[in-house]
Amino acid sequence: MLDLKFIRENPGAVQHATEVKGVKLDLGELLRLDRELVALKQRVEAMQTERNANAKLVPKATPEDRPHLIQKGKDLAEELRGLEPQLRAHEDQLRQLLLRVPNIPHPSVPVGKDDTENVELRREGQLPQFSFPPLDHVELLERQGWADPERVARVSGSRSYLLKGDAVLLEMAVLMFAMDFLRGRGLTPLSTTALVRPETFVGSGHFPGGEDQVYKIEGDELMLAGTAEVPVNSLYAGEQLQGEQLPLAFAAISAAFRSEAGSAGRDVRGLIRVHEFRKVEQYVMTHADEAEALRWFGVILENAEALLRALELPYRVVQNCTGDMGAGKVLMYDIETWVPSENLYRETHSCSYLGDWQARRTGLRYRDEAGKLVYAHTLNNTGIAAPRILVPLLENHQQADGTIRVPQALRPYLGGRDVLGVPVRETAEA
RNA sequence: GGGGGGUUGGCCGAGUGGUUGAAGGCAACGGUCUUGAAAACCGUAGUAGGGCAACCUACCGGGGGUUCGAAUCCCUCACCCCUCGCCA
């Protein structure tokens with residue numbers, strides 16, 4: 001959400017943002033509604049003033065005057081009752097439109113219509129050189145007896161997954177390593193529930209618009225979040241923090257649920273795109289200072305990159321173009337990790353800066369040095385998402401015999417083991 | 001799941017249906033005093049919207065209602081606390 005005053009004063013910038021981001025919004029309608037609302041409010045307030053003044057006279061009035069004053073009050077109340085629903089309807093309408101107003105992209109963001117126009121910033125790490133035809137992760141898991149796709153599909157349908165044996169330990173090791181690592185970099189560990197109220201999605205900016213991506217709990221008005229960003233963003237909702245309490249930086253681990261409506265048929269095989277997964281999310285609330293926030297953007301981006309380097313995975317950093325970045329975002333970089341079997345990079349991380357757009361929706365404010373209440377700025381980035389990260393991890397570290405080399409950084413979380421699995425392939429003769 | 005008690009300004013806490021936007025205290029800010037600080041004393045001070053000023057309006061967990069008038073009465077929802085039961 002943007003400041004209504006800002007929208008009034010900068011309609012051109014807002015209009016431009018809706019266009020380059022491909023947001024459907026009638027800004028003219030919003031501005032018209034705003035003007036009407038102000039006029040209507042002034043009418044109602046004038047009547048309220050009169051009603052209040054009149055009500056104050058009643059107790060002091062003489063018995064003769066009293067009935068007249070009360071009658072006048074009744075008339076005013078009657079008239080107000082007619083206008084108030086109108087006022088409320090207007091307010092609701094305006095709010096609905098306001099919730100759809102996109103944030104203004106940072107000047108550095110390339111204009112583009114969708115992910116095909118994202119810009120690669122750099123590539124890091126060496127692509128693996130295999131002396132044998134590498135297997136894809138599904139093949140590796142099956143040969144090692146680490147998965148059971150048919151059975152789990154019978155139990156939980158498509159886009160479910162099941163890990164077995166050492167793959168379980170590997171998944172847990174990756175999550176634990178990420179938590180430890182981020183804690184070491186100063187983030188506060190958090191373990192949150194994915195079960196949240198619908199308002200939290202409005203706060204994060206996923207609603208309105210993303211309703212069909214979210215699972216609802218029957219009979220309860222709770223829903224399942226697709227990322228810890230949702231609960232953590234609402235953690236301080238409506239509070240008035242002290243300036244010194246910021247920045248707040250969390251490494252939040254939670255389950256994540258996504259209905260994947262609209263991606264039917266895409267990535268149905270394997271661990272890339274599943275309905276339920278586990279994720280460590282970096283979430284930061286800073287002062288309302290773009291320079292400070294952008295420093296944090298660099299920090300959480302670097303954290304994610306350092307994690308991938310520690311996992312010895314090649315990746316590239318991509319800057320998302322306007323059409324691919326989401327309404328609330330000022331700046332967004334994706335990190336994509338190399339997947340040998342597909343011979344391409346796949347998104348494993350997404351780093352975003354939202355200015356005060358999210359905080360404004362959530363009511364996340366703090367008192368600055370001057371004593372003024374201001375909205376905080378928020379950022380988030382993936383820390384690690386499992387099982388998706390297991391795809392590049394297994395594939396990049398597979399060895400000729402089908403075993404998996406464990407990167408140095410993960411060994412402490414796997415009892416010191418440097419290889420997982422048993423030989424399941426003929427090794428080529430030298 | 002049953003029963004009981006709560007939710008007031010940054011925090012604590014009072015509040016009889018009628019100048020209560022809300023006593024009092026703490027914290028905060030400005031000032032006096034002091035070499036400096038503390039203490040003491042005086043003063044300022046909620047949030048949001050509208051008038052680009054005096055000022056007006058709304059807000060005492062959310063929503064609805066009663067009333068000329070609601071923080072105060074009624075309904076409803078949410079949350080918190082206590083208690084009994086159940087349960088991992």
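Residue numbers start from 1 in every chain, and the chains themselves are labelled A, B, ... in the order their sequence lines are given, proteins ahead of strands.
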(request) For B:U72 versus B:U16, give the span between their P atoms, rounded off to a whole number of Å. (result) 11 Å
(message) Can a donor-acceptor pair be found, under 3.5 Å and without considering hydrogens, that links the side chain of A:N380 to the backbone of A:Q282?
(response) no
(message) If I pick the C1' atom on B:G13 and the same atom on B:C84, what distance separates them, to the nearest angstrom?
(response) 32 Å
(request) Tell me which nucleotide among B:A58, B:A48, B:G64 gets nearest to the side chain of A:N52. (result) B:A58
Which pairs, protein N/O on one side and nucleotides 75-78 of chain B N/O on the other, fall under 3.5 Å?
residue: B:A78; atom: O3'; partner: A:R197; partner atom: NH2; Å: 3.0
residue: B:A78; atom: O2'; partner: A:R197; partner atom: NH2; Å: 3.3

(request) Report the C-alpha separation of A:Y353 and A:H377 in whole Å, then their side-chain angles, then the decisive distance to 0.1 Å, and conclude whether the side-chain hydrogen bond (donor to acceptor under 3.5 Å, both in side chains) test is met. (result) CA-CA 8 Å; A:Y353 169 45; A:H377 284 199; 2.7 Å; yes
(message) Let's test this: given Watson-Crick or G-U wobble pairing with both distances under 3.5 Å, identify the partner of B:C11.
(response) B:G25
(request) Please determine if A:R361 forms a cation-pi arrangement with A:W357, meaning its NZ or CZ atom is less than 6.0 Å from the six-membered ring centre and no more than 45° off the ring axis. (result) yes
(request) Take atom C1' in B:G9 and the same atom in B:U44, then report the distance between them in whole Å. (result) 16 Å
(message) Over all strands shown, is A:L241 touching base, sugar-phosphate only, or nothing at heavy-atom distances under 4.0 angstrom?
(response) nothing
(message) Taking the ring of A:Y333 and the ring of A:F297, is the distance between their centroids below 6.0 Å?
(response) yes
(message) Taking only the P atom of each, what is the distance from B:C42 to B:C33 in whole angstrom?
(response) 16 Å
(request) Pick the C1' atom in B:C75 and in B:U83, then give their distance to the nearest Å. (result) 26 Å
(request) Can you tell me, in whole Å, how much space there is between the P of B:A28 and that of B:C11? (result) 15 Å
(request) Could you check whether A:K56 gets within reach of a base, just the sugar-phosphate, or nothing at all, counting any heavy atom under 4.0 Å? (result) nothing
(request) Report the nucleotide, chosen from B:G18, B:U66, B:A58, that has the shortest atom-to-atom distance to any side-chain atom of A:R81. (result) B:U66
(request) Using side-chain hydrogen bond (donor to acceptor under 3.5 Å, both in side chains) as the criterion, point out the one residue from A:E395, A:E139, A:Q398 that pairs with A:S341. (result) A:E395
(request) For nucleotides B:G10 and B:G61, find the distance between their P atoms and express it as a whole number of Å. (result) 13 Å
(message) What's the gap between B:C60 and B:U20 when it is taken at their C1' atoms, as a whole Å value?
(response) 10 Å
(request) For A:R365, answer base if it contacts any base atom (sugar-phosphate contacts may also be present), sugar-phosphate if it contacts only those atoms, and nothing otherwise; contact means non-hydrogen atoms under 4.0 Å. (result) sugar-phosphate
Name the pairs: protein N/O against N/O of nucleotides 49-51 of chain B, kept only if under 3.5 Å.
residue: B:G49; atom: N2; partner: A:E45; partner atom: OE1; Å: 3.2
residue: B:G50; atom: OP1; partner: A:R8; partner atom: NH1; Å: 2.6
residue: B:G50; atom: OP1; partner: A:R8; partner atom: NH2; Å: 3.1
residue: B:G50; atom: O2'; partner: A:Q42; partner atom: NE2; Å: 2.7

(message) Checking base pairs now: Watson-Crick or wobble, both atom distances under 3.5 Å. What partners B:G17?
(response) none
(message) Test of understanding: with side-chain hydrogen bond (donor to acceptor under 3.5 Å, both in side chains), list the residues that count as partners of A:R367, not counting sequence neighbours.
(response) A:Q240
(request) Please step through salt bridge (charged side-chain N to carboxylate O under 4.0 Å, His left out) for the pair A:R360 and A:D356, ending with a clear verdict. (result) CA-CA 6 Å; A:R360 206 173 271 283; A:D356 68 3; 2.9 Å; yes
(request) Kindly give the heavy-atom pair with the smallest separation between A:L27 and A:P11, and that separation in Å. (result) CD2-O, 3.3 Å
(message) Donor-acceptor check, side chain of A:K329 to backbone of A:C351, threshold 3.5 angstrom: yes or no?
(response) no
